[in-house]
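Note on naming: letters A, B, ... go to the chains in the order of the sequence lines (proteins, then strands), and numbering restarts at 1 for each one. Since the structure is predicted, the reported quantities are computational estimates derived from the model, not experimental observations.
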There are 2 protein chains.
Amino acid sequence: MHQHIRVTVEAVIFGYNSRDGLSVLLVKRTIPPYIFKWALPGGFASNDEPLEVCVKRELRTETGISINYLEQLYTFGAPDRDPRGRFLAVAYFGLVRPTALQTKPKPVITSAFPLGSVSDDREARWCKIQELPQLAFDHNMIIEKALTRLRNKIRYEPIGFELLDSKFPISELEKLYETLLARPIDRRNFQKKLNSLGILIAHDEKQKAALQGRPAKLFSFNEQEYSKLREEGILFEI
Amino acid sequence: MHQHIRVTVEAVIFGYNSRDGLSVLLVKRTIPPYIFKWALPGGFASNDEPLEVCVKRELRTETGISINYLEQLYTFGAPDRDPRGRFLAVAYFGLVRPTALQTKPKPVITSAFPLGSVSDDREARWCKIQELPQLAFDHNMIIEKALTRLRNKIRYEPIGFELLDSKFPISELEKLYETLLARPIDRRNFQKKLNSLGILIAHDEKQKAALQGRPAKLFSFNEQEYSKLREEGILFEI
DNA sequence: AATAATTGCGTTTATGCACCACATTCGCCC
DNA sequence: GGGCGAATGTGGTGCATAAACGCAATTATT
């Protein structure tokens, strides 16, 4: 008997800012099944492209978002996960900087919505992780898996930086970790740890427009130093 | 244009003993492409089964090995990874106990061979990871990925136990970790750590047939206690 | 009975983490 | 301008845990 399995790629894209916490990028479906339901951006895999290229293309056309980090998450293949028949979903997991969060994600097909407008027929949006609606297919489960991966991975790989602007105050990084790990972190020990690792580059600039209090120094992630440490077997751990 | 992507499942099955170190289960291909080359056990995904069920079935029919732990590893989808056309390989990652390593893996496929027969033209075997030949397709790369996963995972999840007999001396576990992490571990601290976690059950039995030296007490993994600790947020770390 | 090998348990030293104290630098208000 | 609130930068201390090391106990071998 001949094999008949179709393949889609899906993307769980996380964004973060200190006001809203963690958000996920969603698109509204325009065709059945699950028409008008929110879903993960994604679509059919093409016959000749690498899977990762497919995801990036779908993301670009469906949301116009430029991603900062992308890795494969998991392949979902339950026989009944799609009413149309047997579908594999190769899910990816991505991160964007806060600047991408501020701009409204918009399909490139339609002309741009004015920034900040909230129209009911919009087709892509950021949704806070705590406020996720019921999504199409098994997409809630996919996000759950991506969240678990994110929470585990930031503890031993420096991917948290990918969720912040390239220059950031340490307190921002700390708040990010507190949000994701759901536990308080000692400000001073956190700073001391990062300083002793030497994977931060201090800048002369200072944070502008702090709401109140002393403006913080800005830092950026020292990728060179990190890969050097990695080779020496010293690992990042929070 | 219509999508035409076929799907296979592949399994990287690891076995361990203190004499040979880590080994991988291989099967010899009997059809082109790569005919007579060694490859990972696997095959076409069926239309209506969950992927994991497919892998287990293929493993049973191709090698007769009973596996002890199985999880999804990664989906390989480079457009040129199979000369026959576009193929996705959903790779799984599994572990067996040493008893499975001692018995020669044998295909149960054809009715031509009686079940227990061990013919010289056998098509499945264990291969030490240091002695891997060039395999069919991208299977060397798949094993590389599985190895990385194994080495990382044993550090924070108790899957090392799945590579040992259900009752084992602590020194066996320690040697396993030394082999996989490729660094020496202090015997006494290792033992203390496991004892303080309380995830080992001590047995009255002692190791039989030690080559020399004092026979060691036998222990087994306390799954109940481990899942209890897990719920309390205390995690396993070596 | 001496020796080698390996296990089991204890002691000391170093490191990391929770917690405290205080100076510094900004905005804001009087 | 000076005091105040709020947040950042930097130093330090005590405790718990991990790393490093010592040594006796148990077995096979000779």
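- Distance CZ (Phe190(A)) to P (dG16(C)): 16 Å, rounded to an integer number of Å.
- For the pair Phe219(A) CZ and dT8(D) C1', the computed distance is 10 Å after rounding to whole Å.
- Within the 4.5 Å cutoff, side-chain heavy atoms of Leu22(B) are placed close to those of Leu147(B).
- Summarising the geometry of Leu173(B) relative to Gly160(B), their closest heavy-atom pair is CD1-C, 4.5 Å, with the distance given to 0.1 Å.
- An OP1 or OP2 oxygen of dG8(C) is reached within less than 4.0 angstrom by a side-chain nitrogen or oxygen of Gln191(B).
- A close approach under 4.0 Å does occur between a side-chain nitrogen or oxygen of Lys206(B) and OP1 or OP2 of dT27(D).
- Taking 4.0 angstrom as the limit, Lys217(B) places none of its side-chain polar atoms (N or O) nearer than this to OP1 or OP2 of dT7(C).
- At whole-Å resolution of the value, CD in Gln207(A) and P in dC26(C) are 12 Å apart.
- When distances run from any side-chain atom of Arg188(B) to the nucleotides dT7(C), dG22(D), dT10(D), the shortest one goes to dG22(D).
- Comparing dC26(C), dC19(C), dT27(D) by their nearest atom to the side chain of Pro215(B) picks out dT27(D).
- Comparing Asn189(B) and Pro169(A) by the nucleotide of DNA chain D whose heavy atom lies nearest to each, the residue mapping closer to the 5' end is Pro169(A).
- When heavy atoms are screened at a 4.0 angstrom cut-off, Ser171(A) is found touching the sugar-phosphate backbone but no base atom.
- Within 6.0 Å of the CD atom in Glu223(A), the count of heavy atoms belonging to other residues, nucleotides or ligands does not exceed 12.
- Rounding to the nearest 0.5 Å gives a distance of 8.0 Å between CD1 of Ile154(A) and CZ of Phe236(A).
- Using a cutoff of 4.0 Å between basic side-chain nitrogens and carboxylate oxygens, Lys56(B) and Glu52(B) are scored as salt-bridged.
- Out of dT7(C), dC9(C), dA7(D), the shortest distance to the side chain of Gln212(A) is found at dA7(D).
- Note on Lys192(B): a base of the nucleic acid sits closer than 4.0 angstrom, heavy atoms only.
- In this structure, Asp186(A) places its CG atom 17 Å from P of dT13(D), rounding to the nearest Å.
- Summarising the geometry, the separation between CZ on Arg214(B) and C1' on dT3(C) is reported as 17 Å, rounded to the nearest angstrom.
- When the P atom of dT7(C) is taken as reference, atom CG of Leu218(B) falls 12 Å away, rounded to whole Å.
- In this structure, Lys175(A) places its NZ atom 15 Å from P of dA6(D), rounding to the nearest Å.
- Regarding Glu172(B), its CD atom lies at a distance of 12 Å from the P atom of dT6(C), rounded to whole Å.
- Taking every side-chain heavy atom of Arg187(B) into account, dG8(C) is the closest of dC19(C), dT25(C), dG8(C).
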